[in-house]
Amino acid sequence: IEQPTFPKITEMCVKMIRRVNDEEGIKKLVNETFQKLWFTPTLHHDKEAMTRKILNITDVVAACRDTGYDWFEQLLQNLLKSEEDASYKPVKKACTQLVDNLVEHILKYEESLSDSDNKGVNSGRLVACITTLFLFSKIRPQLMVKHAMTMQPYLTTKCSTQNDFMVICNVAKILELVVPLMEHPSETFLATIEEDLMKLIIKYGMTVVQHCVSCLGAVVNKVTQNYKFVWACFNRYYGALSKLKNQHQEDPNSTILTANKPALLRSLFTVGALCRHFDFDQEDFKGSSKVNIKDKVLELLMYFTKHSDEEVQTKAIIGLGFAFIQHPSLMFEQEVKTLYNSILSDKNCSVNLKIQVLKNLQTYLQEEDTRMQQADRDWKKVAKQEDLKEMGDISSGMSSSIMQLYLKQVLEAFFHTQSSVRHFALNVIALTLNQGLIHPVQCVPYLIAMGTDPEPSMRNKADQQLVEIDKKYAGFIHMKAVAGMKMSYQVQQAINTCPKDPVRGFRHDESSSALCSHLYSMIRGNRQHRRAFLISLLNLFDDTAKTEVNMLLYIADNLACFPYQTQEEPLFIMHHIDITLSVSGSNLLQSFKESMVKDKKKERKPSSDEETESDSNSGSGSESEEEASKPRRLRKRVNSDSDSDEENDINAVMKCLPENSAPLIEFANVSQGILLLLMLKQHLKNLCGFSD
């Protein structure tokens, strides 16, 4: 068996290919590079060059196993689209060569699996080859039509390792795409596929069941119409669920349900998976029966969402999610709305249940997106005959109504302590925005908040959504910028693992960049928006704003670390700090004086000379502060009895303190904001090297 390609070459390819969705110049360069490297036809006699190419592609696919294959699909689509109208199509020819040779390599690896020395390596290569074939099938399923019968026997692979399961899942996904395109496939071949898939559904776990039911859906619905075969399977699991429900209703403490828990979990999942791909209310399935199957399934699954065992609840919610893809209108049912919203909004609810509800919404939106894309492709084919666009609009109208129901709770999930909950909530919002199902302005503050997430992947996704919104709707980001900053503080509070420590507004790394630096960089370009944003932030430090001190610290951190590009930006902030200090500072000092109790021995009004003297004394505070900040040897010499004078001053002040300390405590709290502004001004002065 061939040696793998050099790891460095694979690493370079992985880094390059991930830039396939970058700006136009880079995108063009990536497309050209990989067209020359992979998608140029190879001479038939040059087997060595073809083998090198196959190994390189499969190595890159294997290296991206954990990060996803969107890049490969995008690259292939870009290249095939570029030659759609050309008479000579080198990319299409190269793809045909690659697919044919990948199938040859699969057969070769299978033969070598009997060699115990290289079994692990070759098993990994087999998975990489089949995964690559699936990626080709996803973009151009016609390329695999002639190889469908070669792939079918892999459904009977004996599963002992993770790689074996991956082989079965990828083969099922390939056959799902390819079998409906075959012209006059033999009945034996189709019957064998159906039987193999059914055996896998009955025998193996969730992932295998999901892909096999999906494949069975394509084969039965589009080719064989063998509805009785599927109806029998559905009744088997539906009947088991009904029986277990009745037993539980009769005796909730019965051990029967505990003993049959594996069967219960499998039934909940499989009934849902079958309902996703088959509409059992069709006459083809239930015949002349008047029973409404979807309502019966909903009732059954909803019953188990109230079960005491969390694992049973989770499987029931998974089953519901599958059923809602076939029948989205069920999501308008009051009991479903109550279930979803209570799980998402209840802070004490299990994280697993929250994630599963978000996953359900995500899967529904992904399926709707796929349907819409397919409808769009079909529309282009028969544009003159019927109004398919109208059908698409009706579908998107339902999606929009559904997302309006659950939007608030999904957005609030951004404030969860668990990153996995925030991750799925962001996925749902991104899909909703990409499909244009809601007005984006309501999501802007939440996306700004998610742009401060500690995980780079989530930060980048949120920032990308903001960029897209800003392109389409200029001014929306600026309009919600301050609200977004406040929300980002809430996100940071939720994430903060040590509640005793205050939340800081900069990243604790080498860069010490502001958490909201991307927001500022988006607003910075427009001078009017930038200044309005900065003034709004500084106004929060005003004594009348009553902003929480910890939030002021968070905002001051951001203002200190924003990516300023011109001197005008920090100078503008410093100028407005001076204005705020002159107003708020004077008000604070006045309120402090007014809260003091006058000495009863000196109740007479002070003369104008004394007033002038006291004002000059209070004004000399800054001088004494400067004096204190100097090194000891440079300070002015003071009289030896200054300590006793200071003690007398303290005593005099203590006598003036009111019995009710509330006004003084309020003064102390409000003054924190003023002190933060003074520190911010000094920091900016030092940072930018400004002189007095």
Side-chain angles (χ1 to χ4, degrees), residues 172 176 179-180 187 190-191 193-203 206 209-249 260 263-305 312 315-336 339 360 363-364 367-368 371 374 391 394-395 398 402:
E176 179 185 344
V179 171
E187 287 185 19
L190 294 171
I193 287 180
E194 286 179 341
E195 285 167 19
D196 290 344
L197 291 170
M198 193 59 73
K199 285 174 187 171
L200 292 167
I201 290 165
I202 292 165
K203 188 174 181 182
M206 281 200 303
V209 170
Q210 202 170 337
H211 292 304
C212 289
V213 170
S214 185
C215 183
L216 189 66
V219 173
V220 172
N221 289 328
K222 296 176 183 177
V223 186
T224 65
Q225 275 85 49
N226 191 0
Y227 299 118
K228 285 182 181 177
F229 184 65
V230 179
W231 181 242
C233 177
F234 171 75
N235 275 317
R236 171 180 177 167
Y237 289 107
Y238 179 82
L241 270 186
S242 296
K243 189 179 176 183
L244 289 167
K245 178 195 168 187
N246 293 335
Q247 287 171 343
H248 187 258
Q249 280 178 323
N260 290 312
L264 172 61
L265 297 176
R266 176 175 285 280
S267 298
L268 287 167
F269 186 86
T270 311
V271 163
L274 288 165
C275 285
R276 175 179 178 173
H277 297 283
F278 299 98
D279 183 359
F280 292 108
D281 281 312
Q282 286 181 357
E283 203 174 309
D284 295 319
F285 288 104
K286 65 177 186 179
S288 57
S289 172
K290 300 293 180 188
V291 178
N292 191 318
I293 303 295
K294 73 172 186 287
D295 290 345
K296 288 285 183 186
V297 169
L298 178 66
E299 184 191 334
L300 202 52
L301 293 174
M302 284 300 296
Y303 178 81
F304 286 104
T305 60
V312 174
K315 283 290 189 294
I317 291 170
I318 292 172
L320 281 173
F322 287 150
F324 295 158
I325 291 168
Q326 180 70 246
H327 304 287
S329 59
L330 292 175
M331 279 193 264
F332 295 112
E333 295 290 331
Q334 187 57 47
E335 56 183 337
V336 175
L339 174 73
N360 283 1
T363 311
Y364 165 70
E367 283 289 317
E368 279 302 303
R371 282 181 198 172
Q374 186 58 48
M391 289 162 62
I394 293 164
S395 177
M398 181 173 281
I402 287 166

Is there a side chain to side chain contact (heavy atoms under 4.5 Å, CB included) between Arg236 and Thr270 once you walk through the steps?
CA-CA 10 Å; Arg236 171 180 177 167; Thr270 311; over 6 Å; no
Dump the intermediate steps for side chain to side chain contact (heavy atoms under 4.5 Å, CB included) on Arg371 and Ile325, then the final yes or no.
CA-CA 11 Å; Arg371 282 181 198 172; Ile325 291 168; 3.6 Å; yes
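For Phe234 and Phe278, the ring centers are positioned 6.0 Å apart or more.
The CD atom of Glu335 lies 5.0 Å from the CG atom of Leu298; values are rounded to the nearest 0.5 Å. Expressed to the nearest 0.5 Å, how far CD of Gln210 lies from CZ of Phe269 amounts to 4.5 Å. Annotation: the span from Leu274 atom CG to Tyr237 atom OH amounts to 8.5 Å, rounded to 0.5 Å. Between Leu300 atom CG and Leu241 atom CG the span is 5.0 Å, to the nearest 0.5 Å. To the nearest 0.5 Å, the span separating OG on Ser329 from CD1 on Ile402 amounts to 8.0 Å. The structure places CG of Leu216 at 11.5 Å from CD of Glu195, a figure rounded to the nearest 0.5 Å.
A pairwise comparison of heavy atoms in Val223 and Pro180 identifies CG2-CA, 3.8 Å as the closest pair. Heavy atoms only, all atoms of each residue included: Lys203 and Arg266 are closest at O-NH2, 3.4 Å. What you find for Ala316 and Leu268 is that their closest heavy atoms are N-CD1, 4.0 Å. Across every non-hydrogen atom of Ala240 and Ser267, the tightest pair is CB-OG, 3.9 Å. Nearest heavy atom pair, residue Tyr238 against residue Lys296, reads OH-CB, 3.2 Å.
Sorted by first then second residue, the salt bridge (charged side-chain N to carboxylate O under 4.0 Å, His left out) pairs that include residues 276-285, not counting sequence neighbours, are Arg276-Glu367, Asp281-Lys286. The stretch residues 318-331 participates, sequence neighbours left out, in no salt bridge (charged side-chain N to carboxylate O under 4.0 Å, His left out) pair at all. Counting only residues at least two apart or on different chains, the side-chain hydrogen bond (donor to acceptor under 3.5 Å, both in side chains) pairs with a member in residues 214-235 are Glu176-Ser214, Glu194-Thr224, Glu194-Asn226.
Counting heavy atoms from C-beta on, the side chains of Val230 and Phe280 come closer than 4.5 Å. For the pair His277/Val220, no side-chain contact is recorded, criterion being any heavy-atom separation below 4.5 Å from C-beta on. With contacts defined as side-chain heavy-atom distances shorter than 4.5 Å, the pair Lys315/Phe304 does not qualify.
Put simply, the residue from Leu301, Thr305, Val312 that forms a side-chain contact (heavy atoms from CB on, under 4.5 Å) with Ile317 is Thr305.
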